There are 2 protein chains.
Amino acid sequence: MAYRKTPAEIRRLEAVREHLITCATSVVAEVGWSQASVTAVADSAGIAAGSVYQHFPSKAALAVEVFRRAAGREVDVLGEVLNGPGSPVERLSHGIEVFARRALENRGLAYALLAAPAEPAVGAERLDFRRRYRALFAEVVREGMAAGLLPSQNGEITAAALTGAIGEVLVDPLGAPAESTTDELLAELTAMALRCAGAPAT
Amino acid sequence: MAYRKTPAEIRRLEAVREHLITCATSVVAEVGWSQASVTAVADSAGIAAGSVYQHFPSKAALAVEVFRRAAGREVDVLGEVLNGPGSPVERLSHGIEVFARRALENRGLAYALLAAPAEPAVGAERLDFRRRYRALFAEVVREGMAAGLLPSQNGEITAAALTGAIGEVLVDPLGAPAESTTDELLAELTAMALRCAGAPAT
DNA sequence: GGAAACTCTGAATGATGGTTCACTTCTTTC
DNA sequence: GAAAGAAGTGAACCATCATTCAGAGTTTCC
């Protein structure tokens, strides 16, 4: 026995891996998936292209990890709000506002997560996360119906519609330069979502 | 002067071009953009790969033409209904039903137009057509507001939301095998859309 | 210090798939 | 029928990147 990774070495490698993921996320947020070559990502992290393969078996695996980390944060935040305190309708409204505000504050990343062209592996991951958003919304809609706050409806379909509607509304502003009327956009978006779920006008 | 295309020859060439577009559309509907290689498309049309370049300067140009033709038909049909007879709310409901029914009847193509991963040129075209859908919906929403049938709202945002919502609701069933409950889906979808625009419950 | 085991490097490799082109085949005109 | 010009062919070409790998540099442990 002549070599055994010391704890410090293990930590260093882990840190490099994390740094790589962080840098890759930045690159993707800036130039999109299609322009985020292994070389570009490695350069951004200050390592050689070949070294990427010490941490990930393939570019796709790295891309999936980048997507999962970033999208996972959003699902977590949204779930936190949607399952938090307040009436179902309040939670829905607040959840959408928080989601949209976060997206508008990090447009590049949001666009990458929501809509930017990506390799198949990332596309599959995106579908999976859309399903999670749907599930979160569907649960709130069901609770709203149970509480008599929302009219009878197919919660799954409304949830899918909310997911698509929010994405579409955000994507166009995401492509455009900084929107001066963020607040109006958020107000209209949440109002639309409440109508979509059938919440009575305030 | 020793050669000059005869009218019949011009027609023949035009027919070949049309046939190529038709076959390319079928291939895309069946296997998606990413699998629709020049060779596959040419094979399907019964010509050599090189011959494609007698009709289009690049694969991207052919892909864009395929997209425009197919998406243009849908925009036309939707516009026809949305600008047809009836109250704004009726037109909106009917338009969405027609759009969704057509999509469900040609799932492969609908998926290709709405969501399938595609090269940048097609992606740009997709954005453009989404804007057209939005414009059509926005006009109906405005008319509904003017007629006092819909509450005050930002028509552009509602239109974007409708576009995204319909796409999202359809895409999942589009991926799944034939839905036995098409009618229920259509009913829920139109009901959701009317709520989204703020039409009073029937 | 030195052998063993590992990490890092970046140029070479390889796969993919759009595009080109020398050549063949077909059309037109005289 | 023959020359001129165009369309059709498909194998070769080429550009793009992800991936590999032989060698250089580091770390570990005796």
Side-chain angles (χ1 to χ4, degrees), chain A residues 1-21 23-24 27-28 31-67 116-123, chain B residues 1-21 23-24 27-28 31-67 116-123:
Chain A
M1 152 223 349
Y3 187 96
R4 176 177 264 253
K5 280 179 200 167
T6 203
E9 184 68 358
I10 290 176
R11 252 182 284 117
R12 186 186 67 82
L13 286 174
E14 183 55 27
V16 169
R17 189 187 139 101
E18 292 300 313
H19 182 234
L20 176 56
I21 294 172
C23 291
V27 171
V28 166
V31 301
W33 300 100
S34 55
Q35 303 286 330
S37 66
V38 172
T39 305
V41 167
D43 282 357
S44 141
I47 63 177
S51 301
V52 169
Y53 293 83
Q54 301 229 327
H55 303 284
F56 295 94
S58 69
K59 178 192 174 164
L62 169 56
V64 164
E65 183 69 23
V66 165
F67 189 96
E119 59 211 297
V122 170
Chain B
M1 135 198 34
Y3 185 97
R4 177 178 265 249
K5 279 180 201 167
T6 204
E9 184 66 1
I10 291 175
R11 252 183 283 116
R12 185 186 68 80
L13 285 174
E14 184 53 29
V16 170
R17 189 187 138 101
E18 292 300 315
H19 182 233
L20 177 56
I21 295 170
C23 290
V27 172
V28 167
V31 302
W33 300 99
S34 55
Q35 303 287 329
S37 66
V38 171
T39 305
V41 168
D43 282 356
S44 141
I47 64 177
S51 302
V52 169
Y53 292 83
Q54 302 232 327
H55 303 283
F56 295 93
S58 68
K59 178 192 173 162
L62 169 56
V64 164
E65 184 67 24
V66 165
F67 189 96
E119 58 209 297
V122 170

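A note on names: the letters A, B, ... follow the listed sequences, proteins ahead of strands, and every chain is numbered from 1. If you're wondering where the values come from, they're calculated on a predicted model, not measured in any experiment.
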Do A:Leu13 and A:Lys5 have side chains that get closer than 4.5 Å, going by heavy atoms?
yes

Are A:His55 and A:Val16 side-chain neighbours, meaning at least one heavy-atom pair lies under 4.5 Å?
yes

Which nucleotide in the list D:dG8, D:dG10, C:dC8 gets nearest to the side chain of A:Leu13?
C:dC8

Pair B:Phe56-B:Ile21, side chain to side chain contact (heavy atoms under 4.5 Å, CB included): steps then yes or no
CA-CA 10 Å; B:Phe56 295 93; B:Ile21 295 170; 3.8 Å; yes

Between [X] and [N], does any side-chain N or O lie under 4.0 Å from OP1 or OP2?
X	N	result
A:Gln54	C:dC8	yes
A:Ser51	C:dT9	yes
A:Lys5	C:dT7	yes
A:Arg12	C:dC8	yes

Starting from [atom2] on [N], measure out to [atom1] on [X] and report it in whole angstrom.
X	N	atom1	atom2	value
A:Glu14	C:dT7	CD	P	13 Å
B:Tyr53	D:dC14	OH	C1'	13 Å
B:Phe56	C:dT19	CZ	C1'	16 Å
B:Gln35	C:dT16	CD	P	12 Å
A:Asp43	D:dA18	CG	C1'	15 Å
B:Ile47	C:dT25	CD1	P	18 Å
B:Arg4	D:dA7	CZ	P	14 Å
A:Glu9	D:dG25	CD	C1'	13 Å

Could you walk me through whether A:Phe67 and A:Val28 pass the side chain to side chain contact (heavy atoms under 4.5 Å, CB included) test, one step at a time?
CA-CA 10 Å; A:Phe67 189 96; A:Val28 166; over 6 Å; no

Lys/Arg N to Asp/Glu carboxylate O, A:Glu14 vs A:Arg11, below 4.0 Å:
no

Heavy-atom nearest nucleotide on DNA chain C for A:Gly50 versus B:Val38: which residue maps closer to 5'?
A:Gly50

Residue mapping more 5' on DNA chain C - nearest nucleotide basis, B:Ala8 or B:Pro57
B:Pro57

